Engineer: 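My questions all concern the structure below.
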Amino acid sequence: MPTAPNSEFLRHAIALAVENVTSGRGGPFGAVIVRDGKIVGEGVNSVTAAHDPTAHAEVNAIRAAAKALGTFTLAGCELYTSCEPCPMCLAASYWARLDAVYFGCGAADAARAGFDDAFLYAEFKKDQPERMLPAVQLLSDEAWASFAAWIASPNKVSY
């Protein structure tokens, strides 16, 4: 259940973003994960430094918080991020089961700075054959083996 937003956590995320740029380490994004009024994970954009297109501030903060808390679910936590999450980071926030997301700049602000996600939202609305990135299903019967193993496994941890 989300708590009332705390501007100080957002200010910290913004400071991380500014420091990331001024230090020359990465892009203008910072994020913190908060639980019970304490920061349990933080991250900055390290896409170019890490040579990792998924190393967005929010994903890095989620990874840090999950590791610090020793869990894959961040229910009971909130994300404060310097900018509205992109589609990948928003999806990661849902998968992490965060209680809330609080952000500073909006998607239009990011687009003005050269970080435009509008094409992704447009792509997702298209039928698969109409998208720019081809995705073709192959070997579906063989691939089902992994799901069959999951269903039969006595050791699975549902998520």
Side-chain angles (χ1 to χ4, degrees), residues 1-137 157-159:
M1 175 137 186
T3 61
N6 183 325
S7 297
E8 291 309 308
F9 293 126
L10 186 53
R11 284 188 180 98
H12 185 71
I14 293 166
L16 288 171
V18 171
E19 158 66 18
N20 202 45
V21 173
T22 59
S23 70
R25 287 193 293 261
F29 303 95
V32 296
I33 304 289
V34 175
R35 183 178 203 165
D36 297 327
K38 294 181 182 74
I39 294 174
V40 295
E42 60 182 48
V44 294
N45 179 286
S46 59
V47 168
T48 56
H51 307 288
D52 179 354
T54 68
H56 289 200
E58 298 89 341
V59 170
N60 287 337
I62 288 168
R63 289 173 178 162
K67 184 173 184 178
L69 296 174
T71 182
F72 59 86
T73 179
L74 297 179
C77 297
E78 298 163 334
L79 169 66
Y80 288 82
T81 181
S82 60
C83 187
E84 183 175 358
C86 74
M88 176 184 70
C89 293
L90 185 59
S93 297
Y94 276 95
W95 280 117
R97 293 174 176 72
L98 292 168
D99 287 4
V101 175
Y102 303 109
F103 59 91
C105 290
D109 299 313
R112 272 194 356 228
F115 300 92
D116 193 354
D117 299 332
F119 80 96
L120 290 172
Y121 290 105
E123 281 290 293
F124 296 157
K125 291 178 183 176
K126 296 177 183 175
D127 290 335
Q128 182 58 54
E130 305 303 316
R131 295 180 186 165
M132 293 184 329
L133 179 64
V136 180
Q137 184 176 17
V157 176
S158 295
Y159 60 96

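Throughout, numbering of the chain's residues begins at 1 and tracks the sequence. Remember, it's a predicted structure, so these values are computed and weren't measured experimentally.
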Engineer: May I ask you to decide if G30's main-chain N or O and N20's side chain share a donor-acceptor pair within less than 3.5 Å?
Structural biologist: no

Engineer: Working to the nearest 0.5 Å, report the span between CG of L16 and OH of Y80.
Structural biologist: 14.5 Å

Engineer: Does a donor on one side chain and an acceptor on the other come within less than 3.5 Å for T3 and E78?
Structural biologist: yes

Engineer: Which heavy atom of P85 sits nearest to which heavy atom of E58, and what is that distance?
Structural biologist: CA-OE2, 3.8 Å

Engineer: How many angstroms lie between CG in L79 and CZ in F103, if you round to the nearest 0.5 Å?
Structural biologist: 10.5 Å

Engineer: Got a second to check how far I62's CD1 is from H56's NE2, nearest 0.5 Å?
Structural biologist: 12.0 Å

Engineer: Measuring from N60:CG to D52:CG, what's the distance to the nearest 0.5 Å?
Structural biologist: 7.5 Å

Engineer: Could you grab the distance from atom NE2 of H12 to atom CD1 of I39, nearest 0.5 Å is fine?
Structural biologist: 4.0 Å

Engineer: Could you tell me the separation between the CG atom of L74 and the CZ atom of R63, rounded to the nearest 0.5 Å?
Structural biologist: 12.5 Å

Engineer: Give the minimum heavy-atom separation between G43 and A57, together with the two atoms involved.
Structural biologist: O-CB, 3.6 Å

Engineer: Of all the heavy-atom pairs spanning F72 and V157, show the shortest one and how long it is.
Structural biologist: CE2-CG1, 3.8 Å

Engineer: Would you check, one step at a time, whether the test side chain to side chain contact (heavy atoms under 4.5 Å, CB included) holds for R25 with V44?
Structural biologist: CA-CA 9 Å; R25 287 193 293 261; V44 294; 5.9 Å; no

Engineer: Can you give me the closest heavy-atom contact between C83 and G106, atom names plus distance?
Structural biologist: SG-O, 3.8 Å

Engineer: May I ask you to decide if the ring planes of F29 and F115 are parallel, tilted or perpendicular, using 30° and 60° as cut-offs?
Structural biologist: perpendicular

Engineer: Taking everything shown except Q137 itself, do over 12 heavy atoms lie less than 6.0 Å from its CD?
Structural biologist: no

Engineer: Under 3.5 Å, side chain of R131 to main-chain N/O of K126, donor-acceptor pair present?
Structural biologist: yes

Engineer: Please report the shortest heavy-atom distance between V21 and P28, naming the atom on each side.
Structural biologist: CG2-CA, 3.4 Å

Engineer: Between N6 and Y102, is any pair of side-chain heavy atoms under 4.5 Å apart?
Structural biologist: no

Engineer: Can you tell me if T81 uses its side chain to pair, donor with acceptor, with the backbone of A31 under 3.5 Å?
Structural biologist: no

Engineer: Looking only at heavy atoms, which two atoms of C77 and I33 are closest? And how far apart?
Structural biologist: CB-CG2, 3.6 Å

Engineer: Please check this pair: side chain of R97 against backbone of W95, looking for a donor-acceptor N/O pair closer than 3.5 Å.
Structural biologist: yes

